[in-house]
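Here is the structure we will look at.
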Amino acid sequence: MKKIINPVKGTRDFYPQDKFVNSWLYQNIREVSESFGYQEFDGPFLESIDLYAAKSGEELVKEQSFVFPDKSGNLIALRPELTPSLVRMIAQQQQQLYYPLRWWSFGPFWRYESPQKGRGREFFQWNADLVGVDSPQADAEMAALMAEFFKKIGLSSVQVKVFVNNRRLMEGELSKLDISPDKQGKVFRLIDRRGKLSDKEWGAYALEIGLDSKQFDGIKTLLNSENLWKESKELVQFFSAVDALGVKDYVEFSPRIIRGLDYYTGTVFEALALSTDVRRSVSGGGRYDNLLAAVGGDPLPGVGFAMGDMVITVVLEELGLFPENRGSSPAKVLVTVFDKESQMASYQLSVELRQAGLKVYSYPTPDKLGKQFRHADRIGAAIAIILGPDEIANQQVAIKDLKTREQKTVKRAEAAAVIQGILDTDHGA
RNA sequence: GCGAGCGUAGCUCAGUCGGUAGAGUGCUGCACUGUGGAUGCAGUUGUCGCGGGUUCAAGUCCCGUCGCUCGCCCCA
């Protein structure tokens, strides 16, 4: 076996068919984001470690970030998430920006975790944030943006669902059970782990954090209260807006959604794929009204979410929802080379066709026509052009439709138009 | 960090009780010298991850090691 240096653990090679998927996601994300009026932005891939120390969870910085010293000894991190950069960028120009901000981004992030299905150390993430508005309607817009993306890429509301909860509502409910605010963080963690532990383990965990049986029963009741959202003015308005935005089917209340990050203050949401055995969340987000103040800016409310590319890719693959033609050449026209003498003539024809706006693949060497047709098939071309001695002598070209096997000889000047006609017909059929 | 599984041809994998390294696919050629996908025939492909041990004999058993995958933890 040849000696090939291994790729870095947790990274992916984007072969053309993989990059096609990546670009396809990017394209859909862009279209959906822009349809809601969001502007694309980006932060640097390298940030000072201090940026994250200020705000992100301890574990994310200390355990899960790629950190290295630069030549002057400053600690630099490969960005593990975007929100701190976003917040810094806003704080830097806080007085000049016009609010609300609707910003989106799609780019690479790095986390030092053990790679497995749907998770790597280098991944892409879609971020969308709505900053400067503190309203349930703004939260609903975020949920709608998420839902419209799912709809666009072919995921139905049966296959994927955005589950929503509200931290303030839950805090109120916990207080009713005489759970003091300082203990609520632990209880949130308990709720977060409901689906991951067995009943027995979960009960033991509840005892461990010091809940009495009455409180424990109260929490169990809470987690099954599907209509609890009606107690929250915020959520009532939220769902009314979701309804108006036309994505009611995709969005559902769940008292079990809590989210790991500490900085969420109100509405939290998380999308899960229901029809596959992918148990990871597809995307997640929430309202963070204290974040800007926390990094030294003036107080400014915000709501946002992130979606990693790896889980959604697994989901789409399992459901067979990717477009068929990934891996094929972008050129739908292949110009054959009849023999050595006519090769330059074939090249000239390729140039003419490109100038007419077609994507054209020039076969690189003279070869048997049969082999060239086979090659055309393999790369996904729809049409092959033959320029032999007869055609050259008569100022013609032969155009072969590879699908129907039909071939016609036309005047060279008309070739581009005829080809375009065939491509349009194939496309429509 | 913890646990499990897997490393054999370019790719997907089989390999029984330890006894000469296999299949499919791909690729090349021919049937087919201006017309492809099908079919047939022929050819091509190996440090069995690496190192050690047991044995007359190891792809196979044992130990170690590296790599990958999948869980847990955490998250997207």
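Chain letters run A, B, ... following the sequence lines, proteins first and then strands; every chain starts at 1.
Side-chain atoms of A:E234 and A:N166 form a donor-acceptor pair, as typed in the model, at a separation below 3.5 Å. Residues A:Y288 and A:D129 have side chains that bring a donor and an acceptor to within less than 3.5 angstrom of each other. A side-chain donor from one of A:Q420 and A:D424 sits under 3.5 Å from a side-chain acceptor of the other. Defined by atom type and a distance below 3.5 Å, a donor-acceptor pair is present between the side-chain atoms of A:N224 and A:R256.
Between A:Q125 and B:A76, a side-chain N or O to OP1/OP2 separation shorter than 4.0 Å is absent. The side chain of A:K9 places no N or O atom within less than 4.0 Å of a non-bridging phosphate oxygen (OP1 or OP2) of B:U69. For A:K371, a side-chain nitrogen or oxygen approaches OP1 or OP2 of B:G29 to under 4.0 Å.
Map A:M307 and A:K400 each onto its nearest nucleotide of RNA chain B; the residue landing nearer the 5' end is A:K400. With the nearest nucleotide of RNA chain B identified for both A:R121 and A:R378, A:R378 has the one nearer the 5' end.
For the pair A:F338 CZ and B:G34 P, the interatomic distance rounds to 6 Å; values are reported in whole Å. Rounded to whole angstrom, the span from the CD atom of A:Q64 across to the P atom of B:G1 amounts to 14 Å. Rounded to a whole Å, the CZ atom of A:R119 is 12 Å from the P atom of B:U69. Rounded to an integer number of Å, the gap from CG of A:D13 to P of B:C68 is 12 Å. Taking atom OH of residue A:Y112 and atom P of nucleotide B:G1, one finds them 8 Å apart after rounding to whole Å. For the pair A:R405 CZ and B:G34 P, the computed distance is 19 Å after rounding to whole Å. The nearest whole Å value for the distance from the NZ atom in A:K368 to the P atom in B:G37 is 12 Å. Atom CG of A:D367 is separated from atom C1' of B:U33 by 13 Å (rounded to the nearest Å).
Within the 4.0 angstrom heavy-atom criterion, base atoms lie near A:S114. Looking at heavy-atom distances under 4.0 Å, A:E270 makes no contact with the nucleic acid at all. Using a 4.0 Å heavy-atom distance criterion, A:D309 is classed as making no nucleic acid contact. Heavy atoms of A:G120 sit under 4.0 angstrom from at least one base atom. Residue contacts shown for A:I312 are absent, as no nucleic acid heavy atom lies under 4.0 Å away.
The C1' atoms of B:C73 and B:A14 are separated by 37 Å, rounded to the nearest whole Å.
Between the side chain of A:Q372 and the base of B:U35 there is no donor-acceptor pair of N/O atoms closer than 3.5 Å. Side-chain N/O atoms of A:E113 and base N/O atoms of B:G1 include no donor-acceptor pair closer than 3.5 Å.
Both distances falling under 3.5 Å, in either a Watson-Crick or a G-U wobble arrangement, place B:U65 opposite B:G49.
Residue ring and nucleobase are not stacked for A:F109 and B:A76 under a centre distance beneath 5.5 angstrom and an angle between planes beneath 30°.
Under the 6.0 Å cut-off for aromatic ring centres, A:W229 and A:F238 do not qualify, their centroids lying 6.0 Å or more apart.
The aromatic rings of A:W126 and A:F305 sit perpendicular, their planes meeting at an angle over 60°, well past the 30° parallel limit.
Minimum atom distance to the side chain of A:Q407 is reached by B:U35, of the listed B:C27, B:U35, B:A76.
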